[in-house]
Amino acid sequence: MNFLDKNQISMEEIMPIVAKLTERYTAGDSTSVTYEKAEQLMGAVLYCIREAKYAEKDEEDKRENGHCENEHSVHDTSSDEAKSIERHTGTRNLTTCSKGMSAQQAYETGLDCVEKKVKAALALYNDMQTQFDSYGNRCLYDTFVKGIPEFFKWYDMRFAPQDTILTLDYPVLKDLSAYTGIDRIYEYLLCIQKEQEFLHAFPRNDVIDALERYNPAHEDMIDNVCGAVEEVLGGKR
């Protein structure tokens, strides 16, 4: 459902927010920016407003399902993933969006959601690093070890929260095409976390052996490592 329709937030209400963001971007020197930059800043505002909507939807779903506690969560995640976010943010609540909220309030709420999610993703990444194993696959190694830190280095949560920055060359088993920005990175890390948990359940030599059977050149393959191991161990190869 479209957030702007549901909450009756019009583009007329959004434009002043974009104007303020533009002024902040130019440090007050000018209110004029290129068309591309104006489009980016509009996208930044809409992204944050949608984040507020997602947080509100989580709260509604929990109430409908009989969960009265204000547990920290993000959209389209399982209860285990929600607990993971709570654990890494150190908080049990994301400020949620009220249907009567103004566009400015929704934007500020969403920006807060983005900031909390960035902190959650970084904490999750740092935790995963200690046990991470690429099993010799260069694509997985380069994406996780070299790529993800670059996202945190360059991600601009205020002026371009919708930008994913990375191509995320290593393929995960979940379709993340509907996600952008920190949403995509966080969902991607959750997928890698699940893969690592699955792979760590086997002796490392067994995983390497399965990859050898799947593809003798597995170090250079751009296939999902977890899927390859599961296929071999499942008797398909």
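Along the sequence shown, residues carry numbers from 1. Worth knowing before you read on, the calculation uses all heavy atoms, side chains too, and leaves out hydrogens, waters and symmetry mates.
With a 4.5 Å cut-off on side-chain heavy atoms, Y135 and V229 do not count as touching. Residues I185 and L168 form a side-chain contact, since some pair of their non-hydrogen atoms from C-beta on lies under 4.5 Å apart. Using a 4.5 Å cut-off on side-chain heavy atoms (C-beta onward), L176 and V172 make contact. Contact annotation: the side chain of L166 never approaches that of R184 to less than 4.5 Å [non-hydrogen atoms, C-beta and beyond]. Using a 4.5 Å cut-off on side-chain heavy atoms (C-beta onward), T164 and Y188 make no contact. In this structure the side chain of V33 reaches within 4.5 angstrom of the side chain of T26, judged on heavy atoms. Annotation: side chain of T34 is not in contact with side chain of E39 (no heavy-atom distance under 4.5 Å). Using a 4.5 Å heavy-atom cutoff, the side chains of F159 and K37 are not in contact.
L173 and F132 sit in two unconnected hydrophobic clusters of ILVMFWY residues. Membership requires side-chain heavy atoms under 4.5 Å apart, directly or through other members. L199 and V145 fall within the same hydrophobic cluster, where Ile, Leu, Val, Met, Phe, Trp and Tyr residues are linked whenever their side-chain heavy atoms come under 4.5 Å apart, directly or through other members. At a threshold of 4.5 Å between side-chain heavy atoms, the hydrophobic network of Ile, Leu, Val, Met, Phe, Trp and Tyr places L46 and M15 in one connected group.
The minimum heavy-atom distance linking A160 with Q40 is given by the pair CB-NE2, 3.7 Å. Taking both residues in full, the closest heavy atoms of A44 and P161 are given as CB-CD, 3.4 Å, listed atom of the first, atom of the second, then distance. Across all non-hydrogen atoms, the minimal contact from H218 to I208 is NE2-O, 4.5 Å. For I222 against C139, the heavy-atom pair with the smallest separation is CG2-SG, 3.8 Å. The two residues P171 and D223 make their nearest non-hydrogen contact at CG-C, 4.0 Å. The minimum heavy-atom distance linking A121 with I182 is given by the pair CB-CD1, 3.8 Å.
Going from atom CD of E187 over to atom CG of D175 covers 11.5 Å, rounded to the nearest 0.5 Å. Separation of atoms CD (Q196) and OG (S134) is listed at 8.5 Å; rounding is to 0.5 Å. I17 contributes atom CD1, which lies 8.0 Å from atom CD of E108 (distance to the nearest 0.5 angstrom). Taking OH of Y186 as the reference point, atom CG of L124 lies at 5.0 Å (rounded to 0.5 Å). Taken to the nearest 0.5 Å, the CG atom of L122 stands 9.5 Å off from the CG atom of L189. Expressed to the nearest 0.5 Å, how far CG of N137 lies from OG1 of T143 amounts to 8.5 Å.
Under the ring pair (Phe, Tyr, Trp, His ring centres under 6.0 Å) criterion, F151 pairs with Y155, not counting sequence neighbours. For D133, the salt bridge (charged side-chain N to carboxylate O under 4.0 Å, His left out) partners at least two apart in sequence or on another chain are R204. A search for ring pair (Phe, Tyr, Trp, His ring centres under 6.0 Å) contacts involving F152 returns nothing, not counting sequence neighbours. Residues satisfying the side-chain hydrogen bond (donor to acceptor under 3.5 Å, both in side chains) criterion with Y141, sequence neighbours excluded, are absent altogether. Under the side-chain hydrogen bond (donor to acceptor under 3.5 Å, both in side chains) criterion, R158 pairs with no residue at all, not counting sequence neighbours. Residues satisfying the side-chain hydrogen bond (donor to acceptor under 3.5 Å, both in side chains) test with Y170, not counting sequence neighbours, are E195, N224.
In the model, Q131 has no side-chain atom that pairs as donor or acceptor with a side-chain atom of H200 under 3.5 Å.
Under 4.0 Å is where a charged nitrogen must lie from a carboxylate oxygen, and between K194 and E197 no such pair does. Taking 4.0 Å as the cut-off between side-chain N and carboxylate O, E150 and K146 do not count as a salt-bridged pair.
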Passes side-chain contact (heavy atoms from CB on, under 4.5 Å), Q104 versus K20? Steps please.
CA-CA 11 Å; Q104 181 66 41; K20 290 179 183 178; 4.0 Å; yes

Show, in sequence, the C-alpha distance, side-chain angles and deciding distance for F144 and M128, and conclude whether the side-chain contact (heavy atoms from CB on, under 4.5 Å) test is met.
CA-CA 10 Å; F144 185 85; M128 291 172 61; 3.7 Å; yes

Begin with the C-alpha distance, continue with both residues' side-chain angles, and end with the deciding distance and a verdict on side-chain contact (heavy atoms from CB on, under 4.5 Å) for I14 and I49.
CA-CA 10 Å; I14 291 174; I49 289 177; 4.2 Å; yes

Show the numbers, then the answer: is there a side-chain contact (heavy atoms from CB on, under 4.5 Å) between K116 and E51?
CA-CA 11 Å; K116 284 182 169 66; E51 286 298 300; over 6 Å; no

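For D220, the CG atom sits in a packed shell: over 12 heavy atoms of surrounding residues, nucleotides or ligands are nearer than 6.0 Å.
Y47 places a side-chain N or O within 3.5 Å of a backbone atom of T180 that can act as its donor or acceptor partner.
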